[in-house]
Amino acid sequence: MKKIGIGYENYKRIIDDGCYYIDKTILIRDIIEKGGMVTLFTRPRRFGKTLALSMLRTFFELEYDRSGNTVDNSRYFEGMKIMDAPEKILSMMGQYPVIKLSLKSAKQPDFKTAFKKLRDEIIDEFLRHEYIKDSNQMSIEERRALKSLFRATEDEELLDDKKFQMEVGRYSTSLKTLSVALKKHHNKNVIILLDEYDVPLENAYYRGFYEEMVGFIRSLFESCLKTNDALELAVVTGCLRISRESIFTGLNHLEISSVYNNGFEEAFGFTQKETETMLMDYGMADRIPEAKEWYDGYLFGDMEIYNPWSIIKYVKSIAVNRMKFPEPYWANTSSNQIIKDMIWQADAEMKKELDILIQGGTIEKKIHEDITYDDIHESEDNLWNFLFFTGYMRKLSERKDGKDIYLTMKIPNMEIASIYENQIREWFEAQVKKTDRGVLYKAVLEGDTDGIEDYVSGLLEKSISTFDSDEAFYHGFYLSLLYGVPKYTVQSNREEGDGRPDIVLYPDRPKDPAIIFEVKTRKKFNEMEDGLDEAYKQIKDKRYEEGVLDDGYLGVVSYGICFCKKSCIVGKYNS
């Protein structure tokens with residue numbers, strides 16, 4: 001079996017290292033036939049955008065080796081789907097100078113540091129084309145202007161604000177300067193590939209220098225994508241379509257492909273057929289339903305799409321250990337700050353909607369693609385739009401009402417549901433820590449079942465989601481409340497009698513009784529008393545109290561506690 005390449009973003013290395021590759025080369029044909037002069041692809045993080053740009057560069061680039069000889073990259077496409085494209089498209093292979101720039105390094109704490117990172121990336125791309133510095137196709141003045149961009153102004157000089165602004169100005173038009181020079185040298189138009197264009201903007205929004213970064217990115221893009229006669233075509237990728245007014249001002253030749261407005265459905269992510277083929281290739285046909293439940297659920301245009309990063313990690317994990325359970329791999333790579341912000345700042349209406357979503361339900365929201373990071377928290381609609389376009393929600397259906405379009409949306413799959421649930425748990429645990437638990441401790445020690453019910457139900461009412469089928473949540477939640485009962489040590493699932501009671505409070509003093517809690521859950525309120533009966537029966541049948549007394553404790557008190565949604569009832573067991 002072929003190697004599964006985790007983290008590979010370079011197309012040539014995937015092929016050279018013999019890695020498993022799901023053929024996406026038909027994107028080359030589609031960009032030429034269906035794309036604009038500038039094509040913007042917005043897809044969630046880790047959906048193969050960087051690898052796609054690397055593949056495009058490998059196909060189009062007029063590349064030279066160190067001796068100045070032309071490099072033939074056709075071997076990287078042998079047997080690939082693109083080789084069935086019309087001759088007109090195949091004749092474009094290896095014919096264009098290419099500028100490729102990633103903006104993801106700009107995740108820095110302030111504008112100056114972020115700009116310098118982007119400047120360094122730009123200079124590295126200049127150095128990749130160092131052979132044009134002395135091209136005789138340019139005038140002396142043009143060569144002098146070009147050469148100045150190969151050298152960054154020293155950081156010490158940039159401490160002066162005026163010199164720093166001059167440096168920002170120099171590099172805001174640098175990509176156009178490079179593309180014009182490349183065209184003059186090769187007498188061919190240039191292809192520009194810009195990756196993760198919105199990373200600097202998202203980072204700047206959270207760090208507090210959004211306007212400065214928008215200004216630089218706008219100037220960079222306008223010069224090389226809008227007023228550039230040297231441009232053949234450009235491809236830009238990101239997660240979110242930033243408002244045309246803020247970044248793509250006047251870019252009338254821009255073609256946009258998002259998770260909603262598509263036309264390139266199969267280009268990013270894995271289709272159902274591709275996913276099934278990969279699983280079968282690695283002897284995992286029996287895991288297809290599990291993979292679908294966890295990692296499917298994205299709808300690009302009208303096509304079901306799987307999260308490619310998660311599928312690759314899943315297959316790699318199962319190949320090593322057939323007993324491995326699925327995990328939320330994407331949650332560990334993607335920024336979930338927006339989910340955290342939403343949950344921690346949710347009003348009553350949003351809490352209600354999150355309740356519905358976590359339980360597998362749907363909500364309906366107005367859709368609009370023009371958005372800025374500055375606008376995300378301006379309205380709930382903006383927030384839900386952000387979540388939809390970045391992969392945290394999926395479309396089920398849509399309807400039109402006048403000029404407005406409304407989408408019915410839900411959480412895509414188990415992986416994304418776990419992100420919401422984990423953030424909700426973190427928020428809930430923080431709320432619990434803020435409460436005065438002395439009231440609960442007093443009720444437990446005095447046998448006040450009504451007091452326990454009131455305190456615990458009061459906390460649950462503040463929660464966002466109801467984990468009504470998750471006994472483990474209620475167990476952990478109640479266990480966490482009991483840590484700190486004075487003069488008691490709390491244990492969970494420790495052997496006593498013929499089993500393991502859910503929670504036992506062991507006294508520090510012999511005169512105090514041990515306290516047992518057996519936790520049950522029910523899905524309907526009218527079944528909660530049955531839950532208490534089950535708890536009582538388990539305490540008796542498993543001889544929990546006898547086990548505690550055999551440990552040398554002088555007394556024991558037992559409770560049953562049954563949860564249903566945001567309520568609980570408590571009963572005291574009398575042996």
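Everything numeric in this text was worked out from a predicted model, so none of it was measured. Computed over heavy atoms, backbone and side chain alike; hydrogens, waters and symmetry mates excluded.
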Can R399 and T408 be counted as having a side-chain donor-acceptor contact under 3.5 angstrom? no
May I ask you to test the P44-V259 pair for a side-chain heavy-atom distance under 4.5 Å?
yes
d(M303 CE, T271 OG1) to nearest 0.5 Å is 6.5 Å
Nearest heavy-atom contact between I305 and G269 is CG2-CA, 3.7 Å
| Distance-only, no hydrogens or angles: does the D198 side chain make a donor-acceptor pair with backbone N or O of G238 under 3.5 Å? | no
ask   = What's the verdict on salt bridge (charged side-chain N to carboxylate O under 4.0 Å, His left out) for E9 and K104, showing C-alpha distance, side-chain angles and the deciding distance?
value = CA-CA 13 Å; E9 294 184 329; K104 65 183 178 183; 3.0 Å; yes
Nearest heavy-atom approach of E274 to F270 is OE1-CA, 3.4 Å
Original post:
Are more than 12 heavy atoms from other residues, nucleotides or ligands located less than 6.0 Å from atom CZ of R13?
Top reply: no
Next on the checklist: Checking the side chain of K24 only, and the main-chain atoms of E266 only, is there a donor and an acceptor separated by less than 3.5 Å?
Outcome noted: yes
| query | Are there more than 12 heavy atoms of other residues, nucleotides or ligands under 6.0 Å from atom CG of D302? | reply | no
Is there a donor-acceptor pair under 3.5 Å between the side chain of E453 and the backbone N or O of V570? yes
Under 6.0 Å from the NZ atom of K292, do we count more than 12 heavy atoms belonging to anything else shown? yes
- Task: Say whether, by atom type as modelled, one donor and one acceptor occur between the side chain of S567 and the main chain of S457 under 3.5 angstrom.
- Result: no
Rounding to 0.5 Å, atoms CD1 (I358) and CD1 (I356) come to a distance of 11.5 Å
Query raised in the report: Should the ring pair Y11 and F77 be called parallel, tilted or perpendicular, given that the plane angle runs from 0 to 90° and is split at 30 and 60?
Result: parallel
Query raised in the report: Cut-off 3.5 Å, side chains only: do E276 and Q272 have a donor facing an acceptor?
Result: yes
A285 and M280 have their tightest heavy-atom pair at CB-CG, 3.8 Å
Short question: side chain of E415, backbone of Y329 - any donor-acceptor pair under 3.5 Å?
-> yes
What do the steps show when you test Q108 against K116 for side chain to side chain donor-acceptor pair (under 3.5 Å), and what is the final call?
CA-CA 10 Å; Q108 305 300 323; K116 287 192 288 187; over 6 Å; no
Only one of Y483, Y455, F517 passes ring pair (Phe, Tyr, Trp, His ring centres under 6.0 Å) with Y478, and that residue is F517
Checklist line | Expected output: side-chain R45 to main-chain G391 donor-acceptor under 3.5 Å | finding: no
query = With side chains defined as the heavy atoms from C-beta onward, is the minimum distance between T275 and Y295 less than 4.5 Å?
reply = no
- Would you check if the side chain of N422 reaches a backbone N or O of S418 as a donor-acceptor pair within less than 3.5 Å? yes
Please check this pair: side chain of D110 against backbone of T113, looking for a donor-acceptor N/O pair closer than 3.5 Å.
yes
- Task: Starting from the C-alpha separation in whole Å, work towards a yes-or-no answer on side-chain contact (heavy atoms from CB on, under 4.5 Å) for N385 and K365.
- Result: CA-CA 8 Å; N385 271 267; K365 294 293 173 183; 5.5 Å; no
Stepwise side chain to side chain donor-acceptor pair (under 3.5 Å) check, S257 with R43:
CA-CA 9 Å; S257 170; R43 296 293 189 279; 3.1 Å; yes
*Do other residues, nucleotides or ligands put more than 12 heavy atoms under 6.0 Å from K12 NZ?*
yes
For L532 and C562, the nearest pair of non-hydrogen atoms, with its separation, is CD2-N, 3.9 Å
Does I503 reach the side chain of I561, with side-chain heavy atoms less than 4.5 Å apart?
no
Separation between OG1 (T58) and OH (Y76), nearest 0.5 Å, reads 7.5 Å
Exercise for the section: Please confirm whether the backbone N or O of N413 pairs with a side-chain atom of D296, one donor and one acceptor, at under 3.5 Å? Expected result: no
Scanning both residues in full, the closest heavy-atom pair of G5 with C19 reads CA-SG, 4.0 Å
- Query: Step by step, would you call L481 with R437 a side-chain contact (heavy atoms from CB on, under 4.5 Å)?
  - Reply: CA-CA 7 Å; L481 292 180; R437 279 182 263 183; 4.1 Å; yes
Checklist entry - If we only count heavy atoms from C-beta on, is the I416 to R394 side-chain gap below 4.5 Å? => result no
In short, I516 meets Y544 closest at the heavy-atom pair CD1-CB, 3.8 Å
Examine K34 relative to F264 and say whether NZ or CZ is less than 6.0 Å from the centre of the six-membered ring and inside a 45° cone about the ring axis. yes
Rounding to 0.5 Å, atoms CG (L103) and CG (L220) come to a distance of 7.0 Å
>> Given the ring of F41, does K49 sit roughly above its face, with NZ or CZ under 6.0 Å from the centre of the six-membered ring and within 45° of the axis?
In response: no
message: Quick check against the 3.5 Å criterion: does Y559 have a side-chain atom that pairs as donor or acceptor with the backbone of V519?
response: no
To the nearest 0.5 Å, atom CD of E211 lies from atom CZ of R218 at 7.5 Å
One should read off an interatomic distance between I363 CD1 and M409 CE, to the nearest 0.5 angstrom, of 5.0 Å
The residue among Y197, F115, F221 that forms ring pair (Phe, Tyr, Trp, His ring centres under 6.0 Å) with F216 is F115
Could D286 and R322 be called an ion pair, given the rule that one side-chain N must be under 4.0 Å from one carboxylate O?
yes
Exercise. For residues F473 and F563, determine if any side-chain heavy atom of one lies less than 4.5 Å from a side-chain heavy atom of the other.
Key: no
message = When you compare the side chain of E534 with that of R522, does any pair of heavy atoms fall below 4.5 Å?
response = yes
Subject >> Intermediate values then yes/no, side-chain contact (heavy atoms from CB on, under 4.5 Å), M80 and Y21 >> reply: CA-CA 10 Å; M80 298 294 181; Y21 175 67; 3.8 Å; yes
Any non-hydrogen side-chain atom of R494 less than 4.5 Å from a side-chain atom of P501?
no
Review point. Are Y314 and W330 near enough that their ring centres are under 6.0 Å apart?
Key: no
> Taking the side chain as C-beta and beyond, is there a heavy-atom pair between F300 and F47 under 4.5 Å?
Replying inline: yes
The test is side-chain contact (heavy atoms from CB on, under 4.5 Å); show your working for T25 and M55 and say whether it passes.
CA-CA 7 Å; T25 58; M55 181 264 293; 4.3 Å; yes
